[in-house]
Peer 1: 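Below is a structure I'd like to ask you about.
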There are 2 protein chains.
Amino acid sequence: MPIDITSDRPVFKQIADHYRDEITRGVLRAGAALPSESQMVKTFGVSGGTVRRALDLLRAEGLVVTEHGRGTRVRERGAVVRLASQRLTRANRAAGLGGFAADMRALGLDYKQEVLYLGNVPAPAEVSERLDVSAEAPVFARRRRMWGGGVPMQLADSYYPLDLVEGTPIVEEDAGPGGSYARLEERGHRLASFREELQARMPTEDEKKSLRLLPGVPVVSLIRTAIDTGGRAVEVFVSIVAADKHVFQYDFSAD
Amino acid sequence: MPIDITSDRPVFKQIADHYRDEITRGVLRAGAALPSESQMVKTFGVSGGTVRRALDLLRAEGLVVTEHGRGTRVRERGAVVRLASQRLTRANRAAGLGGFAADMRALGLDYKQEVLYLGNVPAPAEVSERLDVSAEAPVFARRRRMWGGGVPMQLADSYYPLDLVEGTPIVEEDAGPGGSYARLEERGHRLASFREELQARMPTEDEKKSLRLLPGVPVVSLIRTAIDTGGRAVEVFVSIVAADKHVFQYDFSAD
DNA sequence: GAGTGGTCTAGACCACGAC
DNA sequence: TCGTGGTCTAGACCACTCG
């Protein structure tokens, strides 16, 4: 309500500050409705466009969500899946399900895997750099979208050297029990280690649509390289993860 | 230039699409100037407000940066620091510098640590949950802002149980060679393992200012818990990292 | 139909940067 | 000084939700 017109802080930012403050202080709790835009126009004595810009800010920060015709509410935070590095240990892999399915089941969420593409593709740069192939060389790709609790959680693309997957169920819709890692080990490529590389950024338009991301939600690009006991990279896994639904956890030795 | 007025896609989004496309296709490279707003008004035949909203979108996506009086340019990506879990192994710690300083030096960036606060504070929830203390119990806090290459890279807060730091240089500005981990080990708390938990989100206003983040840049909240050989949590490290300047890397066994 | 958000205009005035 | 972006207004019209 103050809105200091003499301040050099723009009015729309002051309005955003006001509600940001109420949200972080807990005056407005998750799910609570903000006043309507026309109401704000009256209370603050500004034009509609100015109110709108204030709300644009709060949306971009991920603090509120707006539904056309219904109003603006404080964003509710959903369940967060914890992706621990232990999910990939041999013991857990032997339990049967792939890492993702196990995580979902642990949270009591129903799980679905949607295959988007299966086939050879020229290796993208981030793949050829890690897999032992030359740039643009053909590799086998498994592209899928992973669902948990009825919402898309991540886009997951796996890439394999051709010679490792030919004639295995990895090239099929269902890679079989234990997933593709089990198939690779059966073929004599015992896994020795993983490297995971993470970077957060804002999503592209396509990612936003495909993962049904709200405004103000970043993604984490996770690239996992699986190395066998011979030191060969046998899979590069590239995934785009909805940041508001995941925490990553790594435990490692201090020695 | 098309701008399909009959389309149900809003004009400002179509304009954003147009430039997003040119940027991702490489027609507009990093550092290249976009036309001025008034120029866009002419080319697209729309009002200034509409052009402005299109640019707001691109800024929020982190694709362009605008400087008042100078124009709008395609965002240039700076150097990215790779934070590998190996930076915390005993061998690397023994090398002398704390993890952050070593990372910066490896990139040839000058390094600075700015102490923001030193003293006891009531333990925040994320700290008391991990350190073995009750909620709000006093703990010793070291809050600092880490700089690399002349820009702020991360906000780093370390929290310690009081009995572990009393009378040690950890409570001083300079924690001494090898940093606070070396001091803890000298005191008989040999480090056994670390747990790191990462989550990405959009920054708060304060974080945005303090880290000088451009619009459309997320942060990664990294919480590291250091465990000694007795299984006791001896430090909780809470940091806010500028996502556009960092990649996180973890290597771990498949067994 | 009443109320809500979503888009767009035309124009005013201010603030910053470079020549 | 000129061109650039930054803020704000007043009002029009459209689209969605709910009773």
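Proteins get letters first, then strands, A, B, ... in listed order; numbering begins at 1 in each.
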Peer 1: Whole-Å distance between D/dC8 P and A/I15 CD1?
Peer 2: 8 Å

Peer 1: Think A/S47 has a side-chain N or O under 4.0 angstrom from the OP1 or OP2 of D/dC8?
Peer 2: no

Peer 1: Could you state the atom-to-atom distance from CZ of A/F44 to C1' of D/dT7 in whole Å?
Peer 2: 17 Å

Peer 1: Looking at the side chain of A/T66, which of C/dT7, C/dG5, D/dT7 is the nearest nucleotide?
Peer 2: C/dG5

Peer 1: Considering only nitrogen or oxygen atoms on both sides, find all protein atoms under 3.5 Å from nucleotides 14-18 of chain D and state each distance.
Peer 2:
| unit_1 | atom_1 | unit_2 | atom_2 | d |
| --- | --- | --- | --- | --- |
| D/dA15 | N3 | A/H68 | NE2 | 2.8 |
| D/dC18 | OP1 | A/R70 | NH1 | 2.7 |

Peer 1: Let's see if you can work this out: which of C/dC8, C/dT4, D/dC8 has an atom nearest to the side-chain heavy atoms of A/S36?
Peer 2: C/dT4

Peer 1: side-chain contact (heavy atoms from CB on, under 4.5 Å), that's the test. Do A/E129 and A/V236 meet it? Break it down for me.
Peer 2: CA-CA 10 Å; A/E129 287 163 7; A/V236 174; over 6 Å; no

Peer 1: What is the distance, to the nearest angstrom, from the CE atom on B/M40 to the P atom on C/dC8?
Peer 2: 16 Å

Peer 1: Go through the structure and list residues passing ring pair (Phe, Tyr, Trp, His ring centres under 6.0 Å) with A/F140, not counting sequence neighbours.
Peer 2: none

Peer 1: On DNA chain C, does the nearest nucleotide to B/G48 precede the nearest nucleotide to B/R53 from the 5' side, or the other way round? Give the residue.
Peer 2: B/R53

Peer 1: Please identify each residue that fulfils side chain to side chain contact (heavy atoms under 4.5 Å, CB included) with A/A84, with sequence neighbours left out.
Peer 2: A/Q86, A/Q249

Peer 1: Looking at residues at least two apart in the chain, or sitting in another chain, which of them share a salt bridge (charged side-chain N to carboxylate O under 4.0 Å, His left out) with A/E197?
Peer 2: A/R130, B/R82

Peer 1: What is the separation between atom NZ on B/K42 and atom C1' on C/dA10, rounded to the nearest whole Å?
Peer 2: 16 Å

Peer 1: Would you kindly give the CG-to-P distance between B/D56 and C/dC8, to the nearest whole Å?
Peer 2: 13 Å

Peer 1: Quick check against the 3.5 Å criterion: does A/R143 have a side-chain atom that pairs as donor or acceptor with the backbone of A/G119?
Peer 2: no

Peer 1: Expressed as a whole number of angstroms, how long is the span from B/L34:CG to D/dG5:P?
Peer 2: 9 Å

Peer 1: For A/L55 and C/dG5, give me the distance from atom CG to atom C1', rounded to whole Å.
Peer 2: 10 Å

Peer 1: In whole angstroms, how far is the C1' atom of C/dT7 from the CZ atom of B/R9?
Peer 2: 14 Å

Peer 1: By nearest nucleotide on DNA chain D, pick out whichever of B/T72 and A/G45 is the more 5' one.
Peer 2: B/T72

Peer 1: Check this one for me: any side-chain N or O of B/S38 less than 4.0 Å away from OP1 or OP2 of D/dG3?
Peer 2: no

Peer 1: Report the residue (A/G71 or A/G49) whose heavy-atom-nearest nucleotide on DNA chain C is the more 5′ of the two.
Peer 2: A/G71

Peer 1: Just list the side-chain donor-acceptor pairs under 3.5 Å for residues 207-215 of chain B, sequence neighbours left out, or say none.
Peer 2:
| unit_1 | atom_1 | unit_2 | atom_2 | d |
| --- | --- | --- | --- | --- |
| B/E207 | OE1 | B/R201 | NH1 | 2.9 |
| B/E207 | OE1 | B/T204 | N | 2.9 |
| B/E207 | OE1 | B/T204 | OG1 | 3.4 |
| B/E207 | OE2 | B/R201 | NH2 | 3.0 |

Peer 1: Go through the structure and list residues passing side chain to side chain contact (heavy atoms under 4.5 Å, CB included) with B/R29, not counting sequence neighbours.
Peer 2: none

